[in-house]
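For reference, the structure is listed below as structure tokens.
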Amino acid sequence: QGIISDLVQLVINPALKIKAILVIREDFLGKLNVLTKAYPQVLDHRVHVGFLEAADARRAVLGPFHESHTWRSEMAPPLADRIVEDLKTKEAAGDVNPTQIQIICRRLWRNYAGGHARITSDDYDEMGGVGGILDGFLQSELAELDIPQRNVAIRLLAILVTEDKTRDVVSLDKIRELLRDDASVTEPMLSSTLMFLEEHRLISKISQRGSAYFEIASEYLILGVLNA
């Protein structure tokens, strides 16, 4: 709250003429409500960053590691190429989801930064590539839930997988219908679990014509869901 207050004071001070740029994932956009109360104009100018083209995705991985960087490790260029190639999506004409780049790079960094001067494709393979890394991410995120809610989360994720083991897009109404006979899945439990899965980047929410639809964030999570 103190940081928000200080930021607002800086922006509204006419003597300073400060312009602030906030970079935030779309799934966290709702959390800006606390800022809009003090500075309603915060949402007046928004730019949505969609999927990245391969070259831009590669720059997102390697950009921090310029020649004079002071990081304790760095990502190897061949590793960046592997990550981008593995994350290219059929749905978006070969473009790359930036959230998945963030997840993979973060987990690689947590595992190897400091221990290896350069994080390489060998490290990537050691973690199981994109599938192993995202599956590990799935398991670590679900572990944050207590057992009853974890079971609900797993059921929700399974609903978003087709019989052919592909991603499905399912409406909130359909989810409610499929879970209607399960007394353990109350409306508050359903809402909080969907919110958790969305905030933890395991599912994506799509709004169309006043209705909410959900899908698993990546096809690489499907195997982990089926084995959960």
Side-chain angles (χ1 to χ4, degrees), residues 2-3 6-7 19-29 31 47-145 150 157 167 196-204 216-228:
I3 293 175
D6 290 343
L7 178 60
K19 295 184 183 296
I21 298 176
L22 302 179
V23 182
I24 186 170
R25 290 204 320 270
E26 189 173 30
D27 44 320
F28 287 153
L29 191 59
K31 295 185 181 296
V47 176
H48 178 262
V49 178
F51 280 29
L52 302 176
E53 294 183 357
D56 293 327
R58 188 178 188 275
R59 279 195 290 271
V61 176
L62 298 177
F65 309 110
H66 50 74
E67 291 183 2
S68 57
H69 80 80
T70 57
W71 300 103
R72 54 188 178 177
S73 300
E74 65 181 16
M75 298 285 193
L79 170 60
D81 295 334
R82 283 280 307 280
I83 292 172
V84 171
E85 188 61 32
D86 288 348
L87 286 178
K88 284 183 180 179
T89 62
K90 296 177 182 178
E91 297 91 336
D95 291 345
V96 180
N97 186 327
T99 297
Q100 292 176 18
I101 294 177
Q102 181 189 38
I103 292 170
I104 288 172
C105 289
R106 184 179 183 184
R107 291 185 71 82
L108 284 167
W109 189 261
R110 282 183 171 180
N111 268 43
Y112 300 110
H116 297 186
R118 174 170 280 202
I119 302 171
T120 69
S121 295
D122 289 341
D123 302 318
Y124 178 71
D125 290 334
E126 186 175 279
M127 291 189 70
V130 63
I133 292 172
L134 290 180
D135 182 49
F137 170 71
L138 169 67
Q139 303 308 325
S140 67
E141 298 302 299
L142 291 179
E144 295 186 19
L145 299 170
R150 190 184 314 160
L157 291 168
R167 287 192 295 172
F196 174 89
L197 293 173
E198 186 181 359
E199 290 183 347
H200 287 247
R201 299 161 290 174
L202 296 172
I203 64 173
S204 301
I216 288 179
S218 171
E219 61 270 22
Y220 289 105
L221 294 172
I222 290 175
L223 183 60
V225 170
L226 296 177
N227 292 333

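All residue numbers in this chain count up from 1 along the given sequence. Keep in mind that what you see is a predicted model, and the values were worked out from it rather than measured.
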Where the side chain of [X] meets the backbone of [Y], is there a donor-acceptor pair that is under 3.5 Å apart?
X	Y	value
H200	L202	no
R167	I216	yes
D123	I119	no
E53	V96	no
S73	R118	no

Do the non-hydrogen side-chain atoms of [X] and [Y] ever get within less than 4.5 Å of each other?
X	Y	result
L79	T120	no
N97	L87	no
L22	L7	yes
Y112	Y124	no
M75	P64	no
E126	S121	no
M127	N111	yes
D135	L138	yes

Going by atom types only, do Y220 and D86 share a side-chain donor-acceptor pair under 3.5 Å? no

Any luck finding a side-chain donor-acceptor pair between R201 and Q102 under 3.5 Å? yes

For the pair R58 and D81, find out whether any cationic side-chain nitrogen is under 4.0 Å from an anionic carboxylate oxygen. yes

To the nearest 0.5 Å, what is the distance between CD1 (I101) and CZ (R106)?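 Rounded to the nearest 0.5 Å, the CD1-CZ separation comes to 15.5 Å.
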
Here the gap from Q100 atom CD to C105 atom SG, rounded to the nearest 0.5 Å, amounts to 11.5 Å

Closest non-hydrogen atom pair, [X] against [Y]:
X	Y	result
A54	K88	CB-CE, 4.0 Å
R82	D125	NH2-OD1, 2.8 Å
S140	R107	OG-NH1, 3.4 Å

Side chain to side chain contact (heavy atoms under 4.5 Å, CB included) between L108 and I133, worked out: CA-CA 8 Å; L108 284 167; I133 292 172; 4.1 Å; yes

Full working for side chain to side chain contact (heavy atoms under 4.5 Å, CB included) between V130 and I104: CA-CA 7 Å; V130 63; I104 288 172; 3.2 Å; yes

